[in-house]
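In the text below, chain A, chain B and the rest are named by the order of the sequence lines, each starting its count at 1. In this text the structure is predicted, and so the values were computed from the model without any measurement.
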Protein chains: 2
Amino acid sequence: MSPKRHATATDVARLAGVSQSAVSRAFTPGASIAEETRLRVAEAARQLGYRPNAIARSLTTRRSRIIGVAASYLQNHFYPDVLEALSRGLQARGYQMLLFMPDAGRHADPQLQEVLAWRVDALILASTTLSSELADQCQAAGIPVLLFNRTSRAPSVSSVTGENLRGGRLIAEFLVTGGHRRLGFLAGIENSSTSRDRERGFCGWLEEHGHRPPLREVGLYRFDEASAAARRLLARPDRPDAIFCGNDHMATAVAEVARHEFGLRIPRDLSLVGFDDTGPARWPSFSLTSFSQPVQPMVDATVALVCEMIENPAAPTRHEVVRGELVVRGSARMPTEGCVSLAEQLVWRPAVVDAAG
Amino acid sequence: MSPKRHATATDVARLAGVSQSAVSRAFTPGASIAEETRLRVAEAARQLGYRPNAIARSLTTRRSRIIGVAASYLQNHFYPDVLEALSRGLQARGYQMLLFMPDAGRHADPQLQEVLAWRVDALILASTTLSSELADQCQAAGIPVLLFNRTSRAPSVSSVTGENLRGGRLIAEFLVTGGHRRLGFLAGIENSSTSRDRERGFCGWLEEHGHRPPLREVGLYRFDEASAAARRLLARPDRPDAIFCGNDHMATAVAEVARHEFGLRIPRDLSLVGFDDTGPARWPSFSLTSFSQPVQPMVDATVALVCEMIENPAAPTRHEVVRGELVVRGSARMPTEGCVSLAEQLVWRPAVVDAAG
DNA sequence: TTGAAAGCGGTACCAT
DNA sequence: ATGGTACCGCTTTCAA
């Protein structure tokens, strides 16, 4: 069969014996229309399988009710979780989600342009790789931009992040109190705000308390890079006795290398702490101690903020920081005698398969 | 600053001193326009920051160049991988991707309608939960529908799947040849074609070769359900010595339960085989033997097929089956003396952290 | 090659 | 409450 043309409002109007305007009203909640007319239209629409054309509607209303979402590297389980929550959140508010995955580097630009061509009502950038100049440009072009799990150097772009700084500090304190003395830090993407803040928190606390800076490697937030970095770190004569990994995804890579290539036991020979508290890191096999970035609250904040920005474009920039906590599992040696203030900030989660879902 | 209006083709035309039609042509590859005019328009467009409005374009051309993609349950690492590849594949062909995650059950309908309102050029359903009647309806409404990793009962809807039947059979042969005698099968979603086919292959081979049917549990393709199913299965007095799990995601759940709750060693006390060959299942900790569903080939086939369906709506239904192979790692006891035909179908992959990426 | 003009399928304002 | 009508921003004939 040929691609049969969709029924239009005019078709419905003809069948229902009303004007095309009436059809439009019948599908506009709160429009002034007689109940009887509405029913007649509804019936005609049903017969014809009519659905208002969102494209035509958007052309006149100048609001697409589409939100562009940029993501990259879904291997890190944090992002699929975010995507799922985001999809439901936006859907619930009547928005559609146009997903795109920018290529690394400058090639992202044409892709972004394609998305902008759809006159998206807003842009959510959950991609570490997309340059922040791009964000600024969009912002300047008058479209609301929201950075997710990152910030821009220019503080003019709104953002939703976790407590990167506090997380980094707390982990430093936790590890030092736990008796570790040769610390390591595995950075993510070096010029990402997220990795920088976590590192600043971690090293800041160490410095303030008179400890040596940690050994340092870069894992680019990727599994394979993190594995390679772990090999370098663990092969050193002064191998660290604890590593703070920039996220859980890298931490699992380090755990794999440590156990299966170096024969190390965790946490006996090596303590590991991650960031995010997502995915396989919660499974008993890894039982990773990790500073959490709670997906649902972060997404809720994002959806609320983005809707606000759309409704009030003049609203001031906001930087939401969603509270996290240090979730203590089994991958890092515990402080035996903790200071109280530290203990109060920890959450103890024994490994249970059920909780892994 | 107020949400400044985007420049339109008319604005550009005025500045360039040409007609609005000329502007349109300047942005239409292959349109008949003088090179000099094109340049003048390009310059004016640049000055004004003009980008053709995709919404207006779609309204007249009646092609949106948007493809609706339904996914559900991104916890299973297979799907994020698919999404990433799909995004790049569609992008490369000039399509945008409108992603939605149908709620389980009937509530999916209004969401689908929203997507259809955008007059998507095609629909890719990679969601196990979306009912196949919905697929039929869309198909009947004249929009190309492609089922990914599933089929519909009515064979009129095109699909791309892995070798579910052959995979199931091969795994049965592999396990029996490996000396296992008390087999278990962990089903996914019971009325999904994928789970049914894998089970049919598995049980079919067993029956044909005079073996008892396996013990059976249902894991709904979910981590927590699979964990619960594993507990039931492993607590039995006649506990299976090998379990074929409907996918890798469930297999990792079973491995966790088996090791950490039942103290079983894999594969000494229990052999495990999965399906998909993705994600954490490839990590040394799991080193899962699994029948592969190669993401890139499956996505390539999907993109090619969907484009074909768009260009030629009259094209006949097609059911692409992408070849997979039994990837042998360490989670299942190997046949000591294999029959040659079986051995030829196996691929041996020792656990290496590098390969896990 | 170019410009004028007729839609595409709606929304919203205007009288009635 | 209803119908008529002027757009929304573009593509695509049709003449010139």
Side-chain angles (χ1 to χ4, degrees), chain A residues 3-42 44-45 48-66 94 113-114 116-121, chain B residues 3-42 44-45 48-66 94 113-114 116-121:
Chain A
K4 46 177 109 162
R5 229 180 80 273
H6 284 277
T8 73
T10 310
D11 299 333
V12 176
R14 195 173 308 132
L15 180 58
V18 297
S19 75
Q20 185 266 338
S21 318
V23 177
S24 176
R25 289 191 193 100
F27 283 91
T28 307
S32 119
I33 186 174
E35 182 59 12
E36 195 219 307
T37 323
R38 215 187 51 69
L39 288 175
R40 276 238 305 289
V41 171
L48 268 45
Y50 170 76
R51 282 257 101 198
N53 182 329
I55 296 179
R57 182 205 313 255
S58 299
L59 186 59
T60 53
T61 59
R62 279 108 158 286
R63 308 177 93 253
S64 62
R65 298 207 73 87
I66 291 183
Q113 295 301 333
E114 285 298 314
L116 292 181
W118 278 96
R119 301 300 187 256
V120 291
D121 286 345
Chain B
K4 46 177 111 162
R5 230 182 78 274
H6 283 277
T8 72
T10 309
D11 299 332
V12 176
R14 196 174 307 130
L15 180 59
V18 298
S19 75
Q20 183 266 336
S21 321
V23 176
S24 175
R25 289 191 191 102
F27 283 91
T28 308
S32 120
I33 186 176
E35 182 59 13
E36 195 219 308
T37 322
R38 214 186 52 69
L39 288 176
R40 277 237 305 289
V41 171
L48 268 46
Y50 169 77
R51 280 258 100 197
N53 182 328
I55 296 180
R57 184 207 309 257
S58 298
L59 186 58
T60 53
T61 59
R62 277 107 158 286
R63 310 177 92 252
S64 62
R65 299 207 72 87
I66 290 183
Q113 295 301 334
E114 284 299 314
L116 292 181
W118 279 96
R119 302 298 189 257
V120 292
D121 287 346

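In 5' to 3' order, the nucleotides of DNA chain C bounding all contacts with chain A (an atom under 4.0 Å from a heavy atom) are C:dG9 to C:dC13.
Heavy-atom distances to DNA chain D give each of B:Arg25 and A:Ile33 a nearest nucleotide, and the one nearer the 5′ end belongs to A:Ile33. Both B:Gly17 and A:Thr8 lie close to DNA chain C; mapped to their nearest nucleotides by heavy-atom distance, the more 5′-ward contact belongs to B:Gly17.
Within the nucleic acid shown, B:Phe27 has no heavy atom closer than 4.0 Å to any nucleic acid atom. Residue-level contact check: B:Ser21 touches the bases, meaning some heavy atom is under 4.0 Å from a base atom. Residue contacts for A:Val18: at a heavy-atom cut-off of 4.0 Å it reaches the sugar-phosphate backbone alone, with no base atom in range. Within the 4.0 angstrom heavy-atom criterion, base atoms lie near B:Ser32. Counting non-hydrogen atoms under 4.0 angstrom, B:Thr37 reaches the backbone sugars and phosphates but no base.
B:Arg51 contributes atom CZ, which lies 5.0 Å from atom CD of A:Gln113 (distance to the nearest 0.5 angstrom). Expressed to the nearest 0.5 Å, how far CG of B:Leu15 lies from OH of B:Tyr50 amounts to 13.0 Å. One finds the CD1 atom of B:Ile66 at 6.5 Å from the CD1 atom of A:Ile55 (value rounded to the nearest 0.5 Å). One finds the CD atom of B:Glu114 at 9.0 Å from the CZ atom of A:Arg65 (value rounded to the nearest 0.5 Å). Residue B:Leu48 holds its CG atom at 9.5 Å from CZ of B:Arg14, rounded to the nearest 0.5 Å.
Under the 4.5 Å side-chain criterion, counting only non-hydrogen atoms from C-beta, B:Val41 is in contact with B:Phe27.
Pairs of residues two or more places apart, or lying in two chains, that qualify as side-chain hydrogen bond (donor to acceptor under 3.5 Å, both in side chains) and include a residue from residues 23-37 of chain A are A:Glu35-A:Arg38, A:Glu36-A:Arg40.
Heavy-atom minimum distance, B:His6 versus B:Asp11: O-OD2, 4.2 Å.
In this structure, CD of A:Gln20 is placed 11 Å from P of D:dG4, rounded to the nearest angstrom. Atom-to-atom, CZ of B:Arg51 to P of D:dG9 comes out at 17 Å; the value is rounded to the nearest Å. The CZ atom of A:Arg62 sits 13 Å away from the C1' atom of D:dC10 (whole-angstrom rounding).
Between the side chain of B:Asp121 and the backbone N or O of B:Ser64, at least one donor-acceptor pair lies under 3.5 Å.
Using a 4.0 Å cutoff on non-hydrogen atoms, the parts of residues 53-60 of chain A near DNA chain D are A:Leu59, A:Thr60, ordered by number.
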